[in-house]
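Everything on this sheet refers to the single structure shown next.
Per chain, numbering begins at 1; letters A, B, ... match sequence-line order.
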Protein chains: 2
Amino acid sequence: MNRVRVLLADDHAILRSGLRLLLEREPDMAVAGEATDGREAVDWMAREGADVVVMDVGMPGLNGIEATGQIVRRYPQAGVVMLSMHSDETYVLRCLRAGARGYVLKESAEHELIAAIRAVRAGKSFFSPKVTRLLQQEHVERIRCAGGEDSYDLLTEREREILQRIAEGSSNKEVAGRLCLSVHTVETHRKNILEKLNLHGPADLILYAVRKGIVV
Amino acid sequence: MNRVRVLLADDHAILRSGLRLLLEREPDMAVAGEATDGREAVDWMAREGADVVVMDVGMPGLNGIEATGQIVRRYPQAGVVMLSMHSDETYVLRCLRAGARGYVLKESAEHELIAAIRAVRAGKSFFSPKVTRLLQQEHVERIRCAGGEDSYDLLTEREREILQRIAEGSSNKEVAGRLCLSVHTVETHRKNILEKLNLHGPADLILYAVRKGIVV
DNA sequence: AAAAGAATACCCACAATCCGGTATCGATTC
DNA sequence: GAATCGATACCGGATTGTGGGTATTCTTTT
């Protein structure tokens, strides 16, 4: 029988061990090897090869996204399934651009990963439902601004300045006072920021700023 | 045979599935249940109980540290093994103060987790080597003793739980819905949190949570 | 010259949060 | 046995933010 040869790339040994057991239960799959970072994954592909790589996004050294780029470029017949904690648009898009054809969240049930491996092996794609929904929104977003890499790029200078002040804990009124603007103006900017970033409510706004590194 | 009854608490279903397979291979262990966040873990302990809880540090809702505190306080005979990505001293110490007797890194080999579960079950402690080295450093010792006075300590369990959910971006209404409370109750808690921490407005609240490491 | 984008400012209805309260109930503490 | 604390729930008025608009001005691009 021709089993899918899978390479597991993740810096957490415990997760790798668990995944190995999960995959070995499937009659059509075999774990060909393990890698603890992106560099090792690329090296393994050069040495031994594999049909599908299950790749963690966040790894020390060469991260999963860059490793995916290198692997897909050199071995286009190999498929890559990203395994990620985040359903963040930035991550997902960067992974897709790097050439991954699968994106499975760690919060998903195991059958999603199994399905993703089979799909990618067959030249198809597979995304966790949550990611699919995100991609649909992103598609809408993309129409508005062709080639928009990052939603943050959509913001104008003024909007970024105001976002930062809001993220530092200022109310609209305070921002208006410090920038010598009408509260109405700040409200308008804030409204536009929320819309461009597809956020809702002040909490979302602050969390976005934190995750973007705009404030700590 | 008296198997150790283990509760798995982690928000990543794939990891839980893997851990289950890993532990079920051991003749003296059985996975009694799974929880996807701290609240579920506490509930499970109240309903079904377990000998050892394998607890992820970073979980949505009630996080692993808070959940450990509650579980250890209510069921002192139960042992908790923290399973974490970080060997950060802050995390380790907070977990220990909360009452965890084991701390295993996800980058460790599986036998460490197995050993930790057995040790904790026997009333002993177990730490990943990397963590042990960290704990031996004396300057860390000072942090443990000196510290104290933290406004966060003023909050009650319930208030911390609600703070975390707010900090994750939920509105009062959403929090109330998920915890089956009246919106009024959540508003009261929120009010008390703001007063105790001397904060004003949602932005302050989120920023406080971020700086405290309650959310990423 | 026309179109597009950015910054400014305003309006309104609605939702959410804040800040005073009060109040009940159970557990713990003194 | 009384007092305190934590969790629960409610009220009302004030403030703030949301989401739907519209509009003017200036600059840049086409």
Q) Is it the case that B:Gln164 and B:Glu168 place a side-chain donor and acceptor less than 3.5 Å from each other? A) yes
Q | salt bridge (Lys or Arg N to Asp or Glu O under 4.0 Å): pairs with one or both residues in residues 107-129 of chain B, sequence neighbours excluded | A | B:Arg25-B:Glu110, B:Glu26-B:Arg118, B:Asp28-B:Arg118, B:Asp51-B:Arg121, B:Glu107-B:Lys130
Q.
What's A:Ser182 touching, base or sugar-phosphate or nothing? Going by heavy atoms closer than 4.0 Å.
A. sugar-phosphate
Q: Answer yes or no: is there a donor N or O on one side and an acceptor on the other, between the side chain of B:Glu174 and the main chain of B:Ser171, under 3.5 Å?
A: yes
Q) Where do B:Ala203 and A:Ile206 come nearest, in terms of heavy atoms and distance? A) CB-CD1, 3.6 Å
Q. Taking all atoms of both residues into account, what is the closest heavy-atom pair of A:Val104 and A:Ala116, and its distance?
A. CG2-CB, 3.6 Å
Q) Hey, mind stepping through B:Ser128 and B:Tyr103 against side-chain hydrogen bond (donor to acceptor under 3.5 Å, both in side chains) and telling me if it holds? A) CA-CA 6 Å; B:Ser128 285; B:Tyr103 197 103; over 6 Å; no
Q: Check B:Ser170 against B:Val175 and note the closest heavy-atom contact, atom names and distance.
A: CB-CG2, 3.7 Å
Q: Using five base pairs at each end, measure the axis-to-axis angle across the helix from C:dA1-D:dT30 to C:dC30-D:dG1 and round it to 10 degrees.
A: 40°
Q | Residues in contact with DNA chain C, drawn from residues 63-75 of chain B - heavy-atom cutoff 4.0 Å | A | none
Q: Please confirm whether the backbone N or O of B:Leu154 pairs with a side-chain atom of B:Lys196, one donor and one acceptor, at under 3.5 Å?
A: yes
Q) What's the CD1-C1' distance between B:Ile162 and D:dT8, to the nearest Å? A) 10 Å
Q: Might you point out which heavy atoms bring B:Ala41 and B:Ala35 nearest each other, and give the distance in Å?
A: N-CB, 3.5 Å
Q. When every nucleotide of nucleotides 15-30 of chain D is labelled 5' to 3' by its protein contacts under 4.0 Å (heavy atoms), B for base, S for sugar-phosphate only, - for none, what sequence of letters results?
A. -SSSBBB---------
(Q) If you compare every side-chain N and O of B:His184 against the phosphate oxygens of D:dA9 (OP1, OP2), does one of them come in below 4.0 Å? (A) no
Q. Is the B:His86 ring parallel, tilted or perpendicular to the B:Tyr91 ring (thresholds 30°, 60°)?
A. parallel
Q: Sorted by first residue and then second, give each salt bridge (Lys or Arg N to Asp or Glu O under 4.0 Å) pair with at least one member in residues 67-83 of chain B; sequence neighbours left out.
A: B:Arg73-B:Glu157, B:Arg74-B:Glu157
(Q) Reading DNA chain C from 5' to 3', where do the contacts with chain B start and stop? Cut-off is 4.0 Å to heavy atoms. (A) C:dA16 to C:dG21
Q: Kindly give the heavy-atom pair with the smallest separation between B:Met59 and B:Asp37, and that separation in Å.
A: SD-CA, 3.7 Å
Q) Which atoms form the tightest heavy-atom contact between B:Arg16 and B:Thr36, and what is the distance? A) NH1-CG2, 3.5 Å
